[in-house]
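Taking it in order: structure first as structure tokens, then the write-up.
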Amino acid sequence: MSEKILLIDGHSILNRAFYGLPDLTNAEGKHTGAVYGFLNILFRILEEEKPQYLTVAFDLHEPTFRHKMYEAYKGTRKPMPEELREQVPLMKEMLTAMGIKIVSKAGYEADDLLGTLAVRSEKEGMDVTILSGDRDLLQLATEKVMIRLPKTSRGKTTIENFHAAEVLEKYQVTPPQIIELKALMGDSADNIPGIPGVGEKTATKMIVEFGTIENAYVHLEEIKPNKARESLREHYDLAELSKALATINTESPLEYVYEEARLGNLYTPEAYQLCKQLEFKNFFGRFDTSAVPENTIEQNFFTCSDLGGAEALFKKAAEKNYIGVALLSDKEGVYGLGIALTKGEIYYVPVEGLLTGDYICAALKEIADSTILCSIDVKSMLKHVGLEDAGHVFDTGVAVYLLNPLKSSYTFDDIAREYLDGALLPTRTDLLGKDSLKAAWEKSSDGLMSYACHLAYTAYATREPIENALKETEMWNVYREIELPLIFTLDSMEKWGIRVKGEELKSYGEKLQVRIAELEKLIYEQAGEEFNINSPKQLGVILFEKMGIPGGRKTKTGYSTAADILEKLAPEQPIVNDILEYRQLTKLKSTYADGLSAVIEADGRIHSTFNQTITATGRISSTEPNLQNIPVRMELGRLIRKVFVPEDGYVFLDADYSQIELRVLAHMSGDEKLIQAYREAEDIHRLTASQVFHVPFDEVTDLQRRNAKAVNFGIVYGISSFGLSQDLSITRKEAAEYIEKYFETYPKIKGFLDGLVADGKEKGYVSTMLGRRRPIPELKSGNFMQRSFGERVAMNSPIQGTAADIIKIAMNRVYQRLKEEGLQSRLVLQVHDELLIETKKEEVETVSRILEEEMKGAVHLSVELDVDMHEGNSWYEAK
DNA sequence: CTGATCACG
DNA sequence: ACGTACGTGATCAGC
């Protein structure tokens with residue numbers, strides 16, 4: 001087995017990664033996307049190829065021979081965007097840290113070095129793989145030299161591979177003839193002028209026929225298209241120049257020692273540090289961190305495992321103005337407590353012997369009377385410590401979420417790095433590995449102690465800078481008035497949970513199963529074979545190949561079998577309808593009937609988790625299970641809501657805002673016509689239709705109303721004619737006309753939306769009415785698709801986010817009033833614009849008044865906030 | 001572990 | 001020319 005060398009075209013791959021990926025930045029604002037993408041593809045290729053040698057070639061930023069020749073011909077190369085330029089040294093630093101050989105040479109391009117090394121290595125008897133984004137390199141392909149060209153389409157990277165044979169197959173010419181082809185066609189990206197009037201087709205024909213440009217000149221008179229012949233005759237100098245430009249020099253005088261390029265351990269401590277700095281979390285797992293020296297503060301950690309010591313510690317803690325705490329706990333119990341009294345006095349109190357979880361939690365509650373507990377996750381602490389006053393806690397996680405709601409998680413090492421001057425703390429995985437808290441506790445691991453202390457330290461040390469940041473960004477009010485109290489509201493909802501009739505859920509599932517089995521049989525009969533209906537891949541083959549339904553194709557992995565596609569393609573096919581019904585039923589069974597059954601707890605209730613730090617817009621989300629997507633639109637699914645019932649002696653009161661987002665739009669835009677519409681109309685979609693289509697209110701057709709409704713939605717989503725046309729199955733042109741008419745009807749809306757985009761571009765973020773921000777880095781992207789996305793987000797986020805702020809205010813007030821007025825009724829669910837209260841029967845009147853007052857009065861807008869309310873003995877009845 | 005699909009607002 | 005509606009989470013297939 002011969003040895004293998006991997007040669008990488010550094011700039012070219014970095015370039016691909018830069019344009020193919022969203023613009024990532026780390027906490028310091030350093031651009032990292034290209035480096036990340038480069039590493040991703042590097043790791044992938046290494047795993048596939050397993051080479052013994054590896055070298056990355058870079059251009060130097062000095063003009064090379066080939067540049068000079070070209071620049072003499074015309075101008076200079078186009079500049080590299082700054083966001084990419086700054087990543088070049090970073091990339092080299094990373095490669096060096098990983099012990100990877102880098103080559104570059106004054107006067108030579110990376111291409112030349114790659115070509116030179118490829119030729120040399122092949123002579124040494126090696127297999128060669130060249131990774132580049134540049135098709136020019138194809139001239140180097142042989143039987144032993146493979147060129148790999150990564151292509152990113154729709155976010156997914158596929159790689160095209162070329163030995164000499166594949167080049168011939170795809171381009172009809174040999175690899176050396178690629179040079180001739182390029183020279184004739186030209187390549188604006190590579191600054192090769194080419195022959196005017198000669199494109200890919202003509203060039204290929206000429207080279208296939210004559211082999212080389214020189215030979216083509218010999219046979220000039222035989223060249224077919226007259227235009228090409230004359231152009232060629234006229235531009236012989238250009239052909240010569242182009243050929244020289246396109247030719248890769250395979251004999252560069254490069255000093256190169258193979259041993260220096262031998263692949264060793266890439267996952268060095270230096271590389272790990274760099275990955276941490278750049279926040280490449282996905283790569284952390286690749287490093288063996290056991291031997292990595294950490295920048296630690298551990299010398300200040302003390303364990304306090306005796307009762308007397310703990311007492312003294314708690315007493316001291318109670319005298320501080322604020323302390324950092326980390327209660328290590330899960331559903332099953334409490335494992336320990338980290339306490340930071342100052343930046344240097346950090347203690348760990350394990351649950352052990354006389355120091356029980358209950359004791360520690362009781363102590364914490366008492367301490368909170370006289371000091372502020374700063375924690376990265378207050379809600380998890382509330383599960384065990386019955387605090388009631390938001391004034392006595394500081395939630396680092398929620399605060400950092402407000403400052404940047406785009407992150408997918410808020411870990412202490414991230415928070416420390418961002419708010420403590422780049423401090424590099426070990427990660428949870430560094431300290432605990434893959435162990436759960438419980439597992440670590442059972443081992444009495446030192447890691448657990450260190451973990452608790454690092455958490456407490458971070459919460460303590462970051463409080464001030466984070467508080468300052470909230471004030472500077474004018475989000476202190478949102479934090480204090482909305483998010484902080486919300487922690488307590490959500491905690492209460494989670495603790496109460498919602499009662500579910502397990503038996504009925506089970507029989508609902510069984511009922512579904514009967515029909516599912518019938519459908520399965522029908523589908524197999526029609527298909528003529530048994531297959532996995534749940535596999536889009538298998539299903540696609542059956543429908544579009546075996547059964548010959550026309551018009552397939554859509555996704556990168558094969559045919560799309562999504563419901564809307566199938567409905568448009570073959571609404572009359574019985575098998576399609578059976579499949580759609582099958583899909584619907586299996587969804588209901590697996591996600592809802594079976595899924596919900598599995599999470600009913602011993603108290604007969606489901607306790608979902610409401611996450612406060614997930615969404616980019618400020619909404620909350622619900623997990624394990626998600627109670628915010630229980631079916632309602634279709635009757636069969638809606639029936640599931642019958643198993644959600646109040647406790648005996650209670651009923652449900654369900655209250656939802658009517659079109660809150662459109663009302664927010666009316667208010668924020670200040671459009672008098674839309675505001676007036678809301679003051680007048682019961683049915684805003686019908687009124688919109690009547691105004692947009694200039695017909696009397698009572699004569700609006702169902703179709704007109706439906707269209708108007710879709711436009712209303714579209715506006716809120718960040719309108720685009722394409723999106724609307726998809727939704728309504730109309731042409732883009734028609735959709736554009738609707739939108740235009742809408743903007744004519746409500747003249748201030750367009751200005752408002754344009755203003756949001758302009759504002760977002762200028763500031764880098766957009767804001768809700770209450771000051772919550774969402775950064776939109778995509779607005780600055782050079783990529784059309786990403787920038788357009790940014791623009792839609794700039795239009796949608798302030799609206800969706802303001803609505804989220806409003807219902808959060810309402811929830812907090814409802815929760816507070818139920819508590820203050822000593823009522824037994826309780827808030828149990830929030831579904832974005834809807835609140836569900838498990839209401840004591842005697843309190844129905846009081847509670848409905850509270851709901852109406854607090855929901856309508858949460859904020860004052862120039863349109864009324866309308867609330868629909870229903871009472872029932874199940875969620876089904878109350879909705 | 002990612003993509004496709006589909007449930008909700 | 002580019003290729004899309006905004007925001008979520010759970011499940012299943014198939015690498």
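Naming convention: chains lettered A, B, ... in sequence-line order (proteins, then strands); numbering from 1 in each chain.
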**Request:** Salt-bridge test for A:K761 and A:E778: reply yes if a basic N is under 4.0 Å from a carboxylate O, no otherwise.
**Result:** no

**Request:** To the nearest Å, give me how far apart CG (A:L662) and P (C:dC6) are.
**Result:** 17 Å

**Prompt:** Which of these nucleotides, C:dG7, C:dG9, C:dG3, is closest to any side-chain atom of A:M785?
**Reply:** C:dG3

**Asked** Looking at A:E581 and A:K587, does any basic side-chain N land under 4.0 Å from a carboxylate oxygen?
**Response** no

**Prompt:** At under 4.0 Å, does any side-chain N or O of A:Q786 touch on OP1 or OP2 of C:dT4?
**Reply:** no

**Prompt:** Which part of the nucleic acid, if any, lies within contact of A:T586, taking any heavy atom under 4.0 Å across all strands shown: a base, the sugar-phosphate backbone alone, or nothing?
**Reply:** nothing

**Prompt:** OP1 or OP2 of C:dG14 less than 4.0 angstrom from a side-chain nitrogen or oxygen of A:S535, does that happen here?
**Reply:** yes

**Asked** Which nucleotides of nucleotides 4-9 of chain B have their base under 4.0 Å from a protein heavy atom (B), which only their sugar-phosphate (S), and which neither (-), written as one string 5' to 3'?
**Response** SSBBBB

**Asked** Heavy atoms under 4.0 Å, any strand shown: does A:G714 hit a base, just sugar-phosphate, or nothing?
**Response** base

**Request:** Answer whether the closest heavy-atom distance between the side chains of A:T731 and A:S725 falls below 4.5 Å.
**Result:** no

**Prompt:** Which whole number of Å gives the distance between the P atom of C:dC2 and that of B:dC6?
**Reply:** 27 Å

**Asked** Shortest non-hydrogen contact from A:F531 to A:A527?
**Response** CE2-CB, 3.8 Å

**Prompt:** Between A:G760 and A:L779, what is the shortest heavy-atom contact and its length?
**Reply:** C-CD1, 3.4 Å

**Asked** Is it true that A:D754 and A:K750 make a salt bridge, defined as a side-chain N closer than 4.0 Å to a carboxylate O?
**Response** yes

**Request:** Round to a whole Å and report the spacing from CE of A:M795 to P of C:dG7.
**Result:** 12 Å

**Prompt:** Is a side-chain donor or acceptor of A:E545 paired with a backbone partner of A:I542 at a separation under 3.5 angstrom?
**Reply:** no

**Fill in**
Read 5' to 3' with Watson-Crick or G-U pairs under 3.5 Å, [ ] for crossing pairs and | for partners on another strand, DNA chain C gives .....|||||||||.

**Item:** For DNA chain B, the residues among residues 727-742 of chain A that have a non-hydrogen atom under 4.0 Å from it
**Value:** none

**Request:** Measure across A:L486 and A:K808 and return the closest heavy-atom pair with its distance rounded to 0.1 Å.
**Result:** CD2-CE, 3.4 Å

**Message:** Tell me whether A:E49 is salt-bridged to A:R44, with the criterion being a basic N under 4.0 Å from an acidic carboxylate O.
**Reply:** no

**Message:** Please report the distance separating the P of C:dG3 from the corresponding atom of B:dC8, rounded so that it comes out in whole Å.
**Reply:** 31 Å

**A:S621, nearest nucleotide to its side chain (from C:dA10, C:dG9, C:dA5)** = C:dG9

**Asked** For A:F713 and C:dA5, what is the distance between atoms CZ and C1' respectively, to the nearest whole Å?
**Response** 12 Å

**Prompt:** Once you round it to whole Å, what is the distance between C1' of C:dC6 and CZ of A:F789?
**Reply:** 8 Å

**Request:** Over all heavy atoms of both residues, which pair between A:P536 and A:N534 is shortest? Give the atoms and the distance, please.
**Result:** CD-O, 3.1 Å

**Request:** Mind listing the closest non-hydrogen atom pair of A:F652 and A:E838 along with its distance?
**Result:** CD2-CA, 3.9 Å

